[in-house]
Amino acid sequence: MTVDTASPGQRIPVPPHRDTLARRGSISLSRHPRLRLTLMLSAPLLWLGLIYIVALAALLITALWTVDSFTGTITRSWTLDNIITVVTGSLYQTVTVRTVGVALLVTLIDILVALPIAFFMAKVASPRWQRILVIAVLMPLWASYLVKAYAWRSVLSQNGIFEWLVAPFGGETPGYGLPATVITLAYLWLPYVILPVYAGLERVPDSLLEASGDLGGKTWATLRLVVLPMIWPAIIAGSIFSFSLSLGDYITVNIVGGANQMLGNLVYTNVGAANNLPLAAAIALIPIVIIFGYLAVVRRTGALENL
Amino acid sequence: MRLSRLARGILGAVTGVILLVIYLPLMVVLVNSFSTSTSLVWPPPGLTLEWWGRAFQSEGALEAVLTSVQIALIATLVSLVLGTLISLALQRFAFFGREAVSLLVILPIALPGIITGIALNNAFRTILGVQLSIATVIVAHATFCIVTVFNNVIARLRRLGTSYEEASADLGAGLWTTFRLVTFPQLRSALLAGGLLAFALSFDEIIVTTFTAGAGVKTLPIWILDNLFRPSQAPIVNVIAVVLVLVSIVPIYIAQRIAGAEKVSR
């Protein structure tokens, strides 16, 4: 057995680099950052651009077409009729107001619930409890969305556990309808709001809170003037989830909403039963416009980096 | 700011109540999976193991689980590759249209699922002329899963900086070697966290799936929706939900352990 020991003073020469194709490619890539960037971006941009942007654009175009009422096929003649129907129809206005109202209420509830629990997780709980609580918040995400919505149907039914719990105090279940829809949606999206708010609070250094306290800041003043501005982007990020997910939902409202309809239901029936894709596309423009407006308003807060 | 003992106590109590409300419906699902009643009666009139036995023999359910796992795995792999590429590009380069690209990444999740669903349905069928199949579901899922990987990886890249990569390059490593031995190991846990979320997102997706799945493709959520309102099947759905929640503890725990081990201080 020979051991390769270099005696001091005697240096092992560094072997020269082999001039392989891979090496040359690597060298030219590191000299041309633009080329590197192009190679990196081309695959994801092709995917998102070709699949998603083209699909969205096609949807907008479809909204300008009509369906032949006899054959049920799409006629490719340009018309604004669908858009006019959607903008002026009282059904669409009512449903839009209802849907946006539900989505806003759900978002507000989620933020109000997420703030205390996220604060407790990030700033009060010991590291061990922190980990347990994160798991506890994440775990319901793995229970199927449908099963959870159905569980609320069970909870809020006339013979359900809610009635059973509050009946001794003279209360009764709200039954199926818009309140049940708001409760269920707020429940479903809560983890999506808690997690970004928690992550935002974790990034607030404890030393800042101590500094504020040392300078005489009371608890509320510190929360309002130090913590809130720092976690605002995270709150907005969470709100994008709950708002957008509520805006397009049609399954929860079917399960617990009674006879109420949301925008998603109108889109769904026009794609399926009514077989009127152009009208469905025109209705779909409403949430698209609302979400783009929302994103444009919150873009400046830096929330999009916190999603 | 120093929280008084009372304030900490109140916060703790509020947290406890919120967790109770979070777990109440899940408890109802658990108990209903043992209930002898197939309607939604509380408290259950009696307890039985019948549904648990039947759930594990239900071929439809087991096949649906396999289909969902298959779709979620491939969609996650695609989104891991695309999400990593796009976050490296956005974090390490400044270029024209950078903001537009980052908006493009979050758009599939920021727009409601029904819009992504009908847009892709329309594009597949009328523009591309592709038959809806399992492949179209995978493409659709991968599209909205990119953002979870992107968020995790770009947050990590921001924290890492480029000094290790520069050192590696100075020592003569090529781009690929540097990525393999320096960048990738530092990204590994972020990729795991992002991939896990992407998997969960795909596994539970129903709306986009409804619009992009071919006639024969039954993912677990589609199977559940088909069976939820059938009295003889609804308790089996409860059993499957309970099993999923229990199984999910493992990956979440692992991800938490890795994240906890890497955390320096707060």
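Sequence lines set the chain letters: A, B, ... in the order given, protein chains first and strands last, and positions in each chain run from 1.
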Legend entry - Euclidean distance, B:Leu175 CG relative to A:Arg36 CZ, rounded to 0.5 Å: 5.5 Å
Inset, instruction - Test B:Val237 against A:Leu146 for side chain to side chain contact (heavy atoms under 4.5 Å, CB included), laying out the working first. - result: CA-CA 10 Å; B:Val237 172; A:Leu146 291 164; over 6 Å; no
Legend entry - Shortest non-hydrogen contact from A:Phe120 toward B:Gly12: CE1-CA, 3.3 Å
Inset, instruction - Can you tell which part of B:Val78 gets under 4.5 Å to a heavy atom of chain A, answering side chain, backbone, both or neither? - result: side chain
Legend entry - Interface moiety of A:Val271 toward chain B, non-hydrogen atoms closer than 4.5 Å: side chain
Legend entry - Gap between atom CG of A:Leu245 and atom CG of B:Leu111 - 0.5 Å precision: 11.0 Å
Inset, instruction - Name the region of A:Leu133, side chain, backbone, both or neither, that has any atom closer than 4.5 Å to a heavy atom of chain B. - result: side chain
Inset, instruction - Examine whether an atom of B:Ile18 lies under 4.5 Å from a heavy atom of chain A, and if so say whether it belongs to the side chain, the backbone or both; otherwise answer neither. - result: side chain
Inset, instruction - Output the option from A:Gly264, A:Ala280, A:Pro191, A:Pro140 having the highest count of non-hydrogen pairs under 4.5 Å with chain B. - result: A:Pro140
Legend entry - Residue A:Leu190 versus chain B: region with a heavy atom under 4.5 Å: side chain
Legend entry - Contact class of B:Ile146 relative to chain A, heavy atoms under 4.5 angstrom: side chain
Legend entry - A:Tyr187: ring-ring contact (aromatic ring centres under 6.0 Å, His included) partners, not counting sequence neighbours: A:Trp152
Legend entry - Inter-residue atom distance B:Asp204.CG - A:Tyr145.OH, 0.5 Å rounding: 9.0 Å
Inset, instruction - Pick whichever of A:Val134, A:Ile132, A:Val54, A:Leu247 has the most heavy-atom pairs under 4.5 Å with chain B. - result: A:Val134
Inset, instruction - Might you work through the side chain to side chain contact (heavy atoms under 4.5 Å, CB included) test for A:Tyr250 and B:Thr210, ending with a clear yes or no? - result: CA-CA 12 Å; A:Tyr250 64 91; B:Thr210 309; 4.1 Å; yes
Legend entry - Straight-line distance of B:Thr84 OG1 to A:Met40 CE, nearest 0.5 Å: 11.0 Å
Inset, instruction - Measure distances from B:Val101 to the heavy atoms of chain A and classify the residue's part below 4.5 Å as side chain, backbone, both or neither. - result: side chain
Inset, instruction - Nearest 0.5 Å please: distance from the OG atom of A:Ser42 over to the CG atom of B:Leu85. - result: 8.0 Å
Inset, instruction - Return yes if some donor-acceptor pair links the side-chain N/O of A:Ser144 with the main-chain N/O of B:Ala241 below 3.5 Å, else return no. - result: no
Inset, instruction - Return the option, out of A:Ile288, A:Ile290, A:Leu141, with the maximum number of heavy-atom pairs under 4.5 Å with chain B. - result: A:Ile288
Inset, instruction - Please flag which part of A:Ile51 lies under 4.5 Å from any non-hydrogen atom of chain B: side chain, backbone, both or neither. - result: both
Legend entry - Non-hydrogen atoms of A:Phe119 and B:Leu11 that approach each other most closely: CD2-CD1, 3.5 Å
Inset, instruction - Heavy-atom pairs under 4.5 Å with chain A are the metric here; pick the option from B:Leu104, B:Leu244, B:Val247 that has the most. - result: B:Leu104
Legend entry - Portion of B:Ile206 that has a non-hydrogen atom of chain A nearer than 4.5 angstrom: side chain
Inset, instruction - Please lay out, stage by stage, how B:Leu82 and A:Leu48 fare under the test side chain to side chain contact (heavy atoms under 4.5 Å, CB included). - result: CA-CA 10 Å; B:Leu82 296 180; A:Leu48 285 169; over 6 Å; no
Inset, instruction - Could you tell me which portion of B:Leu201 (side chain, backbone, both or neither) has an atom closer than 4.5 angstrom to a non-hydrogen atom of chain A? - result: side chain
Inset, instruction - Can you tell which part of B:Leu24 gets under 4.5 Å to a heavy atom of chain A, answering side chain, backbone, both or neither? - result: side chain
Legend entry - Options A:Phe162, A:Trp164, A:Phe243, ranked by heavy-atom pairs under 4.5 Å with chain B, top entry: A:Trp164
Inset, instruction - Let me see the working for A:Ile161 and B:Val31 under side chain to side chain contact (heavy atoms under 4.5 Å, CB included), right down to the final yes or no. - result: CA-CA 11 Å; A:Ile161 188 170; B:Val31 173; over 6 Å; no
Legend entry - Under 4.5 Å from a heavy atom of chain B, the part of A:Ile53 involved: side chain
Legend entry - Atom group of A:Leu45 that falls short of 4.5 Å from chain B, counting heavy atoms: side chain
Legend entry - Pick from A:Ala221, A:Ala57, A:Ala136 with the largest number of heavy-atom pairs that fall under 4.5 Å of chain B: A:Ala136
Inset, instruction - Side chain from CB out, backbone as N, CA, C, O: work out which of these in B:Phe229 comes under 4.5 Å of a heavy atom of chain A, or both, or neither. - result: side chain
Inset, instruction - Please name the pair of heavy atoms, one in A:Pro33 and one in B:Phe93, separated by the smallest distance, quoted to 0.1 Å. - result: O-CE2, 3.4 Å
N/O donor-acceptor pairs under 3.5 Å from side chains in residues 114-125 of chain B, not counting sequence neighbours:
| from | atom 1 | to | atom 2 | distance (Å) |
| --- | --- | --- | --- | --- |
| B:Thr116 | OG1 | A:Tyr52 | OH | 3.0 |
| B:Asn121 | OD1 | B:Arg125 | NE | 3.1 |
| B:Asn121 | OD1 | B:Arg125 | NH2 | 3.3 |
| B:Asn121 | ND2 | B:Phe211 | O | 2.7 |
| B:Asn122 | OD1 | B:Thr126 | OG1 | 2.7 |
| B:Asn122 | ND2 | A:Thr62 | OG1 | 3.0 |

Legend entry - Nearest-0.5 Å distance that lies between atom OH in A:Tyr268 and atom CD1 in B:Ile207: 10.0 Å
Legend entry - Interchain contact, A:Leu277 with chain B, by part (heavy-atom threshold 4.5 Å): side chain
Inset, instruction - Provide the closest heavy-atom pair for A:Leu41 versus B:Phe95 in the form atom of the first, atom of the second, distance. - result: CD1-CZ, 3.5 Å
Inset, instruction - Give, as side chain, backbone, both or neither, the part of B:Val14 having an atom under 4.5 angstrom from any heavy atom of chain A. - result: side chain
